[in-house]
Amino acid sequence: MTQKTDAETKAKAGAIIVPVTLFEQNCTIIWCEVTRKAVVIDPGGDVPTIREAIAKTEVTVEKIWLTHGHIDHVGGAAELREALAVPIEGPHVADKFLLDNVVTSGARFGITGVRDFAPDRWLDEGDRVEIGELAFDILHCPGHSPGSVVYFNKEMRFAHVGDVLFNGSVGRTDLPGGNHDTLMRSIKDKLLPLGDDIGFICGHGAGSSFGQERMTNPFLTGKM
Ligand SMILES: [Zn+2]
Ligand SMILES: [Zn+2]
């Protein structure tokens with residue numbers, strides 16, 4: 001029997017981003033390289049495009065994870081769940097009022113064919129979700145929406161932060177249930193302490209790292 005090296009035991013992952021909806025939302029497919037099992041994070045719409053990306057990537061999607069309840073992140077979730085017969089996990093139950101009103105929210109932007117739905121599992125601070133050999137810790141980060149959650153993988157020094165934090169900005173807080181002070185506390189008390197080296201994918205635009213944002217994001221440097 002040979003001993004496994006650190007490099008071999010370290011779980012490896014792949015990811016692709018599929019921009020969806022008129023909001024150019026970063027639907028993200030993340031997979032475990034060992035098992036080729038994958039999760040689709042925030043299938044906001046354009047489900048045929050997402051399914052094409054899944055087919056091209058040649059992974060087996062076993063779960064759908066949601067960062068929060070806004071239409072551009074959840075609009076395709078119920079349809080994709082039905083098509084793939086996989087469970088939806090997240091967001092935090094505080095976003096239930098959004099998932100109960102997906103149809104109404106969609107109508108405001110001329111988006112049809114969406115459904116109100118409930119996830120198979122609500123997530124809360126300290127929960128752990130898994131795909132293949134990858135494990136993500138859940139951080140409840142309210143402020144952009146009351147039920148926003150962040151998916152954090154400690155080994156890979158990686159987080160999916162949804163609309164909590166952006167490259168050069170932070171989530172908007174003028175929508176129902178939003179609160180800027182609460183959002184800034186989520187970022188400063190929960191995300192930044194994880195370490196400057198944490199790279200992240202966010203709900204819109206290019207990703208970044210917590211260190212990069214701590215040093216240059218005007219909302220965090222106080223220079224705005
Ligand atoms: Zn949002
Ligand atoms: Zn968004």
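Atom set for the values below is all heavy atoms of this structure, side chains included, hydrogens, waters and symmetry mates excluded. In listed order, ligands and their atoms are each counted from 1.
The N, O or S atom of His144 with the smallest distance to the Zn ion (ligand 1) is NE2.
Taking 4.0 Å as the cut-off between side-chain N and carboxylate O, Asp100 and Lys96 count as a salt-bridged pair. A salt bridge does not link Arg51 to Glu79: none of the charged side-chain nitrogens sits closer than 4.0 Å to a carboxylate oxygen. A salt bridge links Asp196 to Arg214: one of the charged nitrogens lies within less than 4.0 Å of a carboxylate oxygen.
The ring of Phe152 has its center no closer than 6.0 angstrom to the ring center of Phe158.
Side-chain polar atoms of Asn179 and Thr182 form a donor-acceptor pair below 3.5 angstrom. Between the side chains of His92 and His68, not a single donor N or O lies within less than 3.5 Å of an accepting N or O.
Near-neighbour remark for the Zn ion (ligand 2): protein N, O or S atoms under 2.8 Å are Asp72 OD2, His73 NE2, Asp163 OD2, His204 NE2; waters not counted.
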